[in-house]
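Quantities reported herein were computed from a predicted structural model and do not represent experimental measurements. What's counted below: heavy atoms across the whole structure, side chains too, no hydrogens, waters or symmetry copies. Proteins come first, then strands; the chains are lettered A, B, ... in the order of their sequence lines, and each starts at number 1.
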2 protein chains.
Amino acid sequence: MTTIRDVARHAGVSPATVSRVVNGMPGYSSATRDRVTQAVAELGYEPDTLARGLKTMQSTMIGVLAPVVSDALASQVMSGVERAARELGYSVMLGRTGPGSEFAPGYLHTLRTYRAAGVVLISAAITADMRRVAGPKMPLISVAIRDGKQFPSLAIDDERAAYDATRHLLGLGHERIGLLAGDATSLLVNAPRERGYLRAMTEAGATPLLERGNSLYDSAPPALGRLLERDPALTAVFALSDEMGAAVVNELQRLGRRVPDDVSVLGFDDTRTAQHVHPALSTVAQPLERMGEVAVHHLLDAGNGGARILPHRLIERGSTGPARRTP
Amino acid sequence: MTTIRDVARHAGVSPATVSRVVNGMPGYSSATRDRVTQAVAELGYEPDTLARGLKTMQSTMIGVLAPVVSDALASQVMSGVERAARELGYSVMLGRTGPGSEFAPGYLHTLRTYRAAGVVLISAAITADMRRVAGPKMPLISVAIRDGKQFPSLAIDDERAAYDATRHLLGLGHERIGLLAGDATSLLVNAPRERGYLRAMTEAGATPLLERGNSLYDSAPPALGRLLERDPALTAVFALSDEMGAAVVNELQRLGRRVPDDVSVLGFDDTRTAQHVHPALSTVAQPLERMGEVAVHHLLDAGNGGARILPHRLIERGSTGPARRTP
DNA sequence: TTGTAGGCGTTATCAT
DNA sequence: ATGATAACGCCTACAA
């Protein structure tokens with residue numbers, strides 16, 4: 001292994017000078033800079049991250065924690081985090097919080113012993129306990145979830161997004177719009193979306209109709225069944241996740257209903273799943289990759305508390321269309 | 001921050017003793033062990049990973065690198081890696097190799113400066129250059145790709161898996177089976193699968209028919225078009241990725257063909273995508289999560305070179321069935 | 001502009 | 001069984 005002393009010897013200077021050159025600190029002639037640079041190249045020297053971190057009391061590590069590592073939404077945010085981190089010279093450490101954030105403290109602890117520069121939590125709210133184990137030096141930010149004003153967070157305005165989306169369906173002439181919501185455990189994202197839907201429906205004088213799944217694919221067909229039982233003449237279903245939306249598209253067709261001619265379907269999130277059904281799922285897009293990138297920047301800018309809002313966007317694919325005329 | 005000296009003072013012993021207790025080395029009475037253990041608990045002491053790594057010249061970090069972080073297949077392997085690593089007390093660092101592995105050396109370099117305990121490469125072959133920048137201490141293993149015998153790898157037997165799958169379709173009475181292959185850049189996985197298909201077809205006296213996509217969803221419809229043009233009486237399509245398989249299921253139905261009554265469709269990998277279409281995609285399953293776990297174990301067992309094979313498995317869902325009788 | 005020296009928190013060697 | 005001490009590789013006052 002090449003150390004800073006090797007380079008120093010090779011270039012005929014002191015370790016301190018090498019350090020200065022490598023870190024771009026002032027204090028050397030351009031001649032020595034060249035000699036050092038060359039020595040570095042020749043020996044293939046790279047500063048040891050551990051030693052550097054130990055000395056500076058800070059590492060260039062960023063943690064990224066998600067409830068489930070293989071989740072489609074989380075993957076996209078992680079991708080953004082990774083890209084931004086790398087661009088800024090940081091590395092990212094991956095962890096899993098578990099569905100109820102139960103593993104988060106353990107990972108935060110580890111991250112702390114690495115003197116991580118910060119942590120982004122995906123789809124998981126920051127708790128006082130997490131804040132405590134993270135210690136005073138390590139900033140936390142949660143993404144894709146609205147987390148009050150107490151801790152930093154980065155998300156779309158879920159209430160408004162659901163409101164806009166419902167208005168869009170109303171604008172297409174739909175009145176009997178069923179909402180397929182997620183379960184209560186992900187309350188922080190579901191509650192505002194439900195409110196948005198409710199508000200739009202009420203304003204339009206339409207009758208709200210709500211059933212719950214658990215945001216995953218398999219939970220949607222039974223919930224759709226309950227929705228159709230309560231109103232067989234439904235002309236639109238608004239699912240609060242793309243997986244549920246995709247399942248609804250498939251299930252409706254299995255039941256002999258055409259999408260979107262008989263029933264329109266709208267999803268939420270704009271994960272890749274939305275494009276894996278036919279007709280492709282119209283959906284409320286969250287800028288997931290971008291959220292990951294922005295989160296990293298906020299983290300490193302000592303992004304202080306408060307909730308930041310990113311813009312949502314409605315993407316029309318093939319699963320939505322004008323309401324079927326009631327004869 | 002609590003250091004080992006704080007604990008030592010608190011327990012009335014020397015730092016060396018604390019270290020011994022914490023690391024389970026011999027050399028202390030049970031009385032002092034208890035005092036130290038209690039002091040550790042009271043002060044919430046956790047050894048600093050950086051300092052420890054610096055001293056021991058080894059860190060408990062494992063790298064996991066994938067061509068694209070948000071890829072479904074890679075996500076599942078990563079999930080397995082993360083789980084196994086955590087269980088063994090290791091942390092995982094995430095990186096992106098890029099489609100042609102072009103970024104791999106950079107990440108390997110970083111990992112080396114972290115003195116990582118090893119690196120698992122997903123869907124990326126190890127090259128001599130990578131091996132070089134990884135240095136002599138850091139083991140590498142590639143997963144979900146067959147990598148000759150030169151470097152460690154962990155994958156299914158792609159040739160055999162495709163052979164078995166094709167035989168399965170033949171067994172259902174299909175003779176006109178089109179193969180939807182991936183592009184040439186992922187040659188290491190595609191070539192053997194193509195060979196397996198070809199061998200099964202030839203053995204059965206059937207006529208092979210092959211078109212290429214790029215493994216992603218959007219590439220499948222046009223390729224399917226070409227397949228149908230060359231043989232409109234096709235009764236089965238074997239797609240070498242689930243995304244392409246899902247697209248084929250959707251596209252066939254759009255074209256008015258029933259799945260599986262008119263045409264059977266078989267996918268490959270068993271990612272979540274396979275379950276996001278209707279009928280759900282039958283597919284050749286790779287044990288992705290398991291591969292991630294096993295990779296970690298091999299890495300830490302100083303897993304020497306050579307290709308390790310994990311078993312594949314055919315999963316029948318709704319997209320395959322007996323061949324349509326030719327009247 | 002450049003070099004010397006001390007210490008970050010830990011483990012390992014050598015005394016006691 | 002326990003403690004003092006020296007490194008691991010780096011950065012950064014402080015001196016020169």
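We find that CG of B:Leu50 is positioned 17 Å from P of D:dC8, with the value rounded to whole Å. One atom, OH of B:Tyr45, and another, P of C:dG9, lie 10 Å apart when rounded to the nearest Å. In this structure, B:Leu54 atom CG and C:dG7 atom P are separated by 17 Å, rounded to whole Å. The distance between atom CD1 of A:Ile4 and atom P of C:dG3, rounded to the nearest whole Å, is 12 Å.
Of the candidates D:dT12, D:dT2, C:dT10, the closest approach to any side-chain atom of A:Ala16 belongs to D:dT12. Residue A:Ser19 has its side chain nearest to D:dC11 when only D:dC11, D:dT2, C:dT10 are considered. For B:Arg20, the listed nucleotide lying nearest its side chain is D:dG3; candidates were D:dT12, C:dC8, D:dG3. Considering only the side chain of A:Thr32, C:dT2 comes nearest among D:dC8, C:dT2, C:dG9. Of all nucleotides listed (C:dG3, C:dT10, D:dC10), C:dG3 comes nearest to the side chain of A:Thr17.
Nucleic acid contact for A:Arg33: none, since no nucleic acid atom lies under 4.0 Å from a heavy atom of the residue.
Of all non-hydrogen atoms in B:Thr97 and B:Ala124, the two that sit nearest each other are OG1-CB, 4.4 Å.
A:Tyr28 does not carry A:Arg35 over the face of its six-membered ring by the limits of under 6.0 Å from the centre and within 45° of the normal.
An OP1 or OP2 oxygen of C:dT2 is reached within less than 4.0 angstrom by a side-chain nitrogen or oxygen of A:Ser29.
Checked by distance alone, B:Lys55 brings a side-chain donor or acceptor within 3.5 Å of a matching partner on the base of D:dA7.
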